[in-house]
Amino acid sequence: MPPSHASTSDSKPAASSGGVQSLERAFDLLERMADAGGEVGLSELSASSGLPLPTIHRLMRTLVLCGYVRQQPNRRYALGPRLIRLGESASRLLGTWARPCLARLVEETGETANMALLDGDEIVYVAQVPSKHSMRMFTEVGRRVLPHSTGVGKALLAHTPPEEVRALLARTGMPAATEKTITTPDGFLDALEQVRRVGYAVDDNEQEIGVRCLAVSVPDSPTAAAISISGPAGRVTDAATERIVPILQQAAKELSDALASNGSAG
């Protein structure tokens with residue numbers, strides 16, 4: 001999912017006060033740092049944001065004092081530890097908002113429904129509603145996995161530029177969870193092309209033998225998010241996939257609308 005930023009160019013309408021404008025700019029810089037991998041130099045931020053170096057230096061100094069950014073020994077700036085608590089709280093809240101949508105998914109598909117985010121180079125599960133079947137899948141909320149062996153990972157990375165995907169895979173490696181796990185960058189990029197072509201991702205015994213997952217990304221989510229259903233391969237068959245995917249896609253749209261509604265409340 002391509003990152004989006006509020007423009008900070010001179011053409012942007014002036015904020016109602018200097019304080020509000022500074023707040024907008026500070027958040028924009030934090031997002032640019034996250035998109036750059038969490039560590040940047042002032043000149044890089046100036047080039048990407050269009051802001052003058054003195055302005056960026058002043059904003060970064062404030063963020064450092066607040067603990068949201070830290071300055072490295074090499075004089076570059078990195079995202080700070082105080083953001084972790086904010087991120088964890090936001091993830092929990094996002095999971096809470098998603099639960100009604102996931103519960104409807106379980107009712108309509110009969111399988112366990114999950115929500116996951118891309119956090120750095122890893123997938124983190126933030127919500128789950130279990131199937132009512134006695135044989136069902138369970139993934140602990142908060143569990144982290146590598147993207148290459150999961151349906152949600154494929155859904156989340158499907159529209160990421162190939163060079164960024166290759167860089168991520170180089171950082172994480174591609175260990176095999178099962179004999180069906182994709183373990184080469186070219187194979188994974190082929191799988192992402194398939195996701196773009198059909199509109200959903202499949203984990204076919206790639207994370208765990210006997211388990212199949214179907215996943216789609218949540219459109220226009222404030223952070224890269226995906227939802228999935230998972231169940232025994234004997235139930236999540238090709239025939240079941242044809243029935244489940246439209247339900248999954250509709251649920252993703254409804255969740256997107258719900259997140260937009262929560263985000264605009266005020």
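Nothing here was measured: the structure is a model prediction, and the numbers come from that model.
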Task: For Cys101 against Ala251, the heavy-atom pair lying closest together - done: SG-O, 3.2 Å
TODO: Give a yes or no answer on whether the side chain of Thr62 reaches the backbone of Arg58 with a donor-acceptor pair at less than 3.5 Å.
DONE: yes
Task: Point-to-point distance, once rounded to the nearest 0.5 Å, from CD of Gln71 to CZ of Arg61 - done: 11.0 Å
- [ ] Determine the minimum heavy-atom distance between Thr181 and Ser149, stating which atoms define it.
- [x] CG2-CB, 3.7 Å
TODO: Tell me, with the steps shown, if Gln128 and Arg99 meet side-chain contact (heavy atoms from CB on, under 4.5 Å).
DONE: CA-CA 7 Å; Gln128 181 181 81; Arg99 282 189 65 83; 5.8 Å; no
Open item on the list: Set out, in order, the CA-CA distance, both residues' side-chain angles and the distance that settles side-chain contact (heavy atoms from CB on, under 4.5 Å) for Tyr77 and Leu42, then state yes or no.
Closed with: CA-CA 8 Å; Tyr77 289 85; Leu42 292 183; 3.5 Å; yes
TODO: Please examine the side chains of Tyr125 and Thr150, heavy atoms only from C-beta on, and report whether any two atoms are closer than 4.5 Å.
DONE: yes
TODO: Evaluate the side-chain proximity of Leu29 to Met60: yes if any heavy-atom separation is below 4.5 Å, no if none is.
DONE: yes
Task: Side-chain (Thr178) to main-chain (Asn205) donor-acceptor, under 3.5 angstrom - done: yes
Open item on the list: Would you say that Met33 contacts Val69 through its side chain, given a criterion of any heavy-atom pair below 4.5 Å between the two side chains?
Closed with: yes
Task: Approximate separation, where rounding is to 0.5 Å, of Gln21 CD and Asp28 CG - done: 11.5 Å
Task: Exercise: identify the closest heavy-atom pair between Ile123 and Ala116 - done: CG2-CB, 3.7 Å
Task: Where Ala155 and Ala201 come nearest, the two heavy atoms and their spacing - done: N-CB, 3.8 Å
Open item on the list: Measuring from atom CZ of Arg25 to atom CG of Leu30, what distance do you get when rounded to the nearest 0.5 angstrom?
Closed with: 14.5 Å
Open item on the list: Could you walk me through whether Ser228 and Asn114 satisfy the side chain to side chain donor-acceptor pair (under 3.5 Å) test, starting with their C-alpha distance in whole Å, then the side-chain angles of each, then the deciding distance to 0.1 Å, before giving a yes or no?
Closed with: CA-CA 5 Å; Ser228 69; Asn114 316 280; 3.1 Å; yes
- [ ] Would you kindly confirm whether Val195 and Leu156 end up in one hydrophobic cluster when ILVMFWY residues are joined by side chain heavy atoms under 4.5 Å apart?
- [x] no
- [ ] Please check if the side chain of Thr172 supplies one atom and the backbone of Leu168 the other of a donor-acceptor pair under 3.5 Å.
- [x] yes
Task: side-chain contact (heavy atoms from CB on, under 4.5 Å) assessment of Leu192 paired with Leu157 - done: CA-CA 7 Å; Leu192 297 188; Leu157 292 174; 4.2 Å; yes
TODO: Please answer whether the main-chain N or O of Ser230 pairs with a side-chain N or O of Arg212 as donor and acceptor at a distance below 3.5 Å.
DONE: no
TODO: Return yes if some donor-acceptor pair links the side-chain N/O of Thr55 with the main-chain N/O of Leu51 below 3.5 Å, else return no.
DONE: no
Open item on the list: Between Glu44 and Arg76 (salt bridge meaning N to carboxylate O under 4.0 Å), is one present in this structure?
Closed with: yes
TODO: Take Thr112 and Ile229 through the test side-chain contact (heavy atoms from CB on, under 4.5 Å) and record every step on the way to the result.
DONE: CA-CA 5 Å; Thr112 295; Ile229 64 92; over 6 Å; no
Task: Exercise: identify the closest heavy-atom pair between Ala225 and Leu117 - done: CB-CD2, 3.5 Å
Task: Minimum heavy-atom distance between Thr183 and Ala176, given as atom pair plus value - done: CG2-CB, 3.9 Å
Task: Ionic contact status for Glu193 with Arg197, cut-off 4.0 Å - done: yes
Task: Phe188 side, atom CZ; Ile182 side, atom CD1 - distance, nearest 0.5 Å - done: 6.5 Å
Task: Check: Asp121 main-chain N/O paired with Arg171 side-chain donor or acceptor under 3.5 Å - done: no
TODO: Please check if any side-chain donor atom of Arg196 sits under 3.5 Å from a side-chain acceptor atom of Gln194, or the reverse.
DONE: no
Task: Cationic N near anionic O, under 4.0 Å, Asp203 to Lys180 - done: no
Open item on the list: Quick check: do Leu248 and Leu105 have side-chain heavy atoms less than 4.5 Å from each other?
Closed with: yes
- [ ] Return yes if a side-chain donor-acceptor contact under 3.5 Å exists between Ser131 and Glu111, otherwise no.
- [x] no
Task: ILVMFWY network linking Val152 to Leu118, side-chain heavy atoms under 4.5 angstrom - done: yes
Open item on the list: Could you check whether any side-chain N or O of Thr184 sits under 3.5 Å from a backbone N or O of Gly187, counting only pairs where one atom can act as donor and the other as acceptor?
Closed with: yes
- [ ] Report yes if some heavy atom in the side chain of Val211 is under 4.5 Å from a heavy atom in the side chain of Cys213; otherwise report no.
- [x] yes
Open item on the list: If the threshold is 4.0 Å, N to carboxylate O, is there a salt bridge linking Arg243 and Asp238?
Closed with: no
- [ ] Spell out, yes or no, whether Val236 and Val129 are grouped together once hydrophobic residues are joined by side-chain heavy atoms under 4.5 Å, including indirect joins.
- [x] yes
TODO: Look only at the side chain of Arg82 and the backbone of Gly67, and say whether a donor-acceptor pair between them is shorter than 3.5 Å.
DONE: no
TODO: For the pair Glu206 and Lys154, find out whether any cationic side-chain nitrogen is under 4.0 Å from an anionic carboxylate oxygen.
DONE: yes
TODO: Answer yes if the side chains of Ser256 and Asp220 hold a donor-acceptor pair under 3.5 Å, and no otherwise.
DONE: no
Open item on the list: Please say yes or no: joined through hydrophobic side-chain contacts below 4.5 Å, possibly via intermediate residues, are Val64 and Ile56 part of one cluster?
Closed with: yes
TODO: Could you tell me the separation between the NE2 atom of His148 and the CD atom of Gln207, rounded to the nearest 0.5 Å?
DONE: 8.0 Å
Task: From Leu255 atom CG to Lys253 atom NZ, the distance as rounded to the nearest 0.5 Å - done: 11.5 Å
Task: Leu79 reachable from Leu63 in the ILVMFWY side-chain graph, under 4.5 Å edges - done: yes
Task: Electrostatic pair Arg144-Asp119, nearest N-O below 4.0 angstrom - done: yes
Open item on the list: Taking CZ in Arg75 as the centre, count heavy atoms belonging to other residues, nucleotides or ligands within less than 6.0 Å. Is the count above 12?
Closed with: no
